[in-house]
Number of protein chains: 2
Amino acid sequence: MLTVTSVNVNGLRAAAKKGFVAWLAGTDADVVCLQEVRAEPGQLTAEVRDPEGWHTVHAPAAAKGRAGVSLYSRQAPERTQIGFGGFGVPGAEEFDASGRYVEIDLPGVTVASLYLPSGEVGTERQDEKERFMAAFLPYLQGLKARAAADGREVVVCGDWNIAHQEADLKNWKANQKSSGFLPEERAWLTRVFDEAAYVDVVRQLHPDAAGPYSWWSYRGRAFDNDAGWRIDYQVATPGLAGRAVKAWVERAATHGERWSDHAPVTVVYER
Amino acid sequence: MLTVTSVNVNGLRAAAKKGFVAWLAGTDADVVCLQEVRAEPGQLTAEVRDPEGWHTVHAPAAAKGRAGVSLYSRQAPERTQIGFGGFGVPGAEEFDASGRYVEIDLPGVTVASLYLPSGEVGTERQDEKERFMAAFLPYLQGLKARAAADGREVVVCGDWNIAHQEADLKNWKANQKSSGFLPEERAWLTRVFDEAAYVDVVRQLHPDAAGPYSWWSYRGRAFDNDAGWRIDYQVATPGLAGRAVKAWVERAATHGERWSDHAPVTVVYER
DNA sequence: CTTAGTATG
DNA sequence: CATATTAAG
């Protein structure tokens, strides 16, 4: 079994003070993918930066306090890669120091932690999101081809900042012009699943569910009303997706203590 | 009796959440002078902005979140003045919208709340402090003359941001080059007391005490070690100072809850 | 509403 | 070390 968890921690320093450390100590996961770490490694306590029993890779953003992705694995990675430039994809280098992508090879499987830009309609942040999407899809296609040639599977975990279908957010009607549920963003995710032939693992195992949501805004009573969005995914190659036996969102992990506005998304893959 | 209290609240919104409201409800003072309110009236709750039983005057700074002085009085003021420009003192107008001075007339006595700039050696902030001092001494002289002609007494309460003598701060030796205990600042205060002939009321009643200190840095263990400064004063005309019968610093008011880094300085004046 | 940056104290 | 701002989410 390989258990992979992904969670946007919304500031690892704050999350660590509120319950992340206890959550990590209690998880059965073999790999934990973090997004929005929002800290340089040197700003983290040793307990969080390099916890006993884990190998860690931290990919902070050049901009202080922004973005930042990390990967924690029980096994030592065979290879580590920060960013997705250097593979012939135009525009990919722009994001190499943006704290949005880190990838490791474990035996037979490549695991990535992704934090796709969050965007805001009518602003430069939306343009950045679109540039990221334009570069990331060809990267995913190349990654899959290289992995296949190497006999490897791939799973790209993280906060994709796009809800794919109406079932993926509670208030889909009101959000059709909101970044995160724009037609062009949804169409791009469809291309990831259809053209690039990756699989949305949680949806595959829960085809009929509303959600399960993985993010609830801190504004208003979104969490209490379960007015959530499913924007955190495990996007896997079909071979690995076919081995997924269980998937869930740990809404309880953020209940009560609520150490992030996102909840951990976990998938158990059979060997 | 007229009881006057002065306290730098270091952000009235934060102080209100931590114990200021309870403290105000429990005080016997007739007049309360606040400094570093750091909020526009509209940002305060009604309970703090206009508490039952008080008349309030708020003089926020033009710059958001900076400085700001207020006066609370049980009796309605006969006159209110924000800033000290308009009395022929060169340079005084610079500070009219800086949230550093407000004055009211009550029957027979003028009470002011002052927040003198805090300064930092070698920076423009120290220059600003010096410009304020240069303008404020002549204003004090004119105020006294006008009050005398009118048969009024005066007390200027607040955070003067200068410790006068060695007894006024615990670590005076280490702070001889620190803003707040510079020779030129101490000499300026001496001119307030000697040339302008105002009286340092708390020192008059406690001539031999170390302190009583009214401010302890939040850094390190300054409060626990009582490594404080006496920089909050009630500076009164001699007639009023002669009526002062009791003066104390409410160190306990900020102990435990600690709703400010300053403590209230209270004086009881006989009628 | 929350995190984190920065400026001020 | 604490209170504010602002930007981001």
Side-chain angles (χ1 to χ4, degrees), chain A residues 8-18 20 35-40 43-44 60-68 98-100 115-121 123-126 128-129 159 161 178-180 215-224 227 229 231-232 254 258-262, chain B residues 8-18 20 35-40 43-44 60-68 98-100 115-121 123-126 128-129 159 161 178-180 215-224 227 229 231 254 257-262:
Chain A
N8 177 318
V9 294
N10 189 30
L12 185 50
R13 281 171 286 180
K17 289 178 186 159
K18 294 194 289 181
F20 170 82
Q35 302 88 39
E36 276 207 90
V37 168
R38 299 175 67 175
E40 289 165 35
Q43 297 176 300
L44 301 170
K64 290 181 66 173
R66 301 286 170 75
S98 69
R100 298 195 174 273
Y115 177 46
L116 202 141
S118 71
E120 185 180 1
V121 171
T123 72
E124 150 61 23
R125 292 176 48 227
Q126 190 65 26
E128 185 193 352
K129 184 174 187 176
D159 180 355
N161 264 315
S178 303
S179 183
W215 173 75
W216 303 263
S217 171
Y218 276 128
R219 303 172 212 186
R221 304 193 194 345
F223 189 74
D224 295 336
W229 295 51
I231 56 181
D232 301 279
T254 58
R258 195 105 199 268
W259 47 265
S260 174
D261 50 349
H262 294 248
Chain B
N8 177 319
V9 295
N10 190 28
L12 185 50
R13 283 172 287 180
K17 289 178 187 160
K18 295 195 288 181
F20 170 81
Q35 301 89 39
E36 276 207 270
V37 167
R38 298 175 68 175
E40 289 166 36
Q43 297 176 302
L44 301 171
K64 291 181 68 172
R66 304 285 170 75
S98 69
R100 297 195 176 274
Y115 177 45
L116 202 142
S118 70
E120 185 179 1
V121 171
T123 72
E124 152 60 23
R125 291 177 49 227
Q126 189 66 25
E128 186 194 350
K129 184 174 187 176
D159 180 355
N161 264 314
S178 303
S179 182
W215 174 75
W216 304 263
S217 171
Y218 276 127
R219 301 172 214 191
R221 301 190 197 351
F223 189 75
D224 295 337
W229 295 51
I231 56 181
T254 57
E257 34 191 19
R258 194 110 198 263
W259 48 265
S260 174
D261 50 349
H262 293 249

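Only heavy atoms go into these numbers, but all of them, side chains included; no hydrogens, no water, no symmetry mates. Sequence lines set the chain letters: A, B, ... in the order given, protein chains first and strands last, and positions in each chain run from 1.
- Protein atom NE2 of A/His262 is 18 Å distant from nucleotide atom P of C/dC1, rounded to whole Å.
- A/Trp259 has its CH2 atom 15 Å from the C1' atom of C/dT3, to the nearest Å.
- We find that CZ of A/Arg66 is positioned 5 Å from P of D/dA8, with the value rounded to whole Å.
- Taking all atoms of both residues into account, the shortest heavy-atom contact from B/Val9 to B/Ala15 is O-CB, 3.8 Å.
- No engagement by B/Gln35 is indicated, since no non-hydrogen atom pair under 4.0 Å with the nucleic acid exists.
- Closest to the side chain of A/Arg219, out of D/dG9, C/dG9, D/dT3, is D/dG9.
- The base of D/dG9 has none of its N or O atoms less than 3.5 Å from a complementary donor or acceptor on the side chain of A/Arg38.
- For B/Ala39 against B/Pro60, the heavy-atom pair with the smallest separation is O-CB, 3.8 Å.
- Heavy-atom distances to DNA chain C give each of A/Ala39 and A/Ser217 a nearest nucleotide, and the one nearer the 5′ end belongs to A/Ser217.
- Contact between the side-chain N/O atoms of A/Lys18 and the OP1/OP2 oxygens of C/dT3 is found at a separation under 4.0 Å.
- Nucleotides of DNA chain C nearest to A/Lys64 and B/Arg125 differ in position, and the one nearer the 5' end is that of A/Lys64.
- Of the candidates D/dA4, D/dG9, D/dT3, the closest approach to any side-chain atom of B/Arg13 belongs to D/dA4.
- Of the candidates B/Tyr218, B/Trp216, B/Trp229, B/Phe223 forms a ring-ring contact (aromatic ring centres under 6.0 Å, His included) with just one, namely B/Trp216.
- Distance B/Leu12 CG to D/dA4 P: 8 Å, rounded to the nearest Å.
- Protein atom CG of A/Leu116 is 17 Å distant from nucleotide atom P of D/dA8, rounded to whole Å.
- Taking both residues in full, the closest heavy atoms of A/Arg66 and A/Arg38 are given as C-CG, 4.1 Å, listed atom of the first, atom of the second, then distance.
- The separation between B/Asn8 atom CG and D/dT3 atom P is 13 Å, rounded to whole Å.
- The distance from atom CZ of B/Arg258 to atom P of D/dC1 is 12 Å, rounded to the nearest whole Å.
- Here the side chains of A/Lys64 and A/Glu40 are in contact, with some heavy-atom distance below 4.5 Å.
- If you check every strand for non-hydrogen atoms under 4.0 Å, A/Glu40 touches nothing.
- If you check every strand for non-hydrogen atoms under 4.0 Å, A/Glu120 touches nothing.
- Rounded to whole angstrom, the span from the CZ atom of B/Phe20 across to the P atom of D/dA2 amounts to 20 Å.
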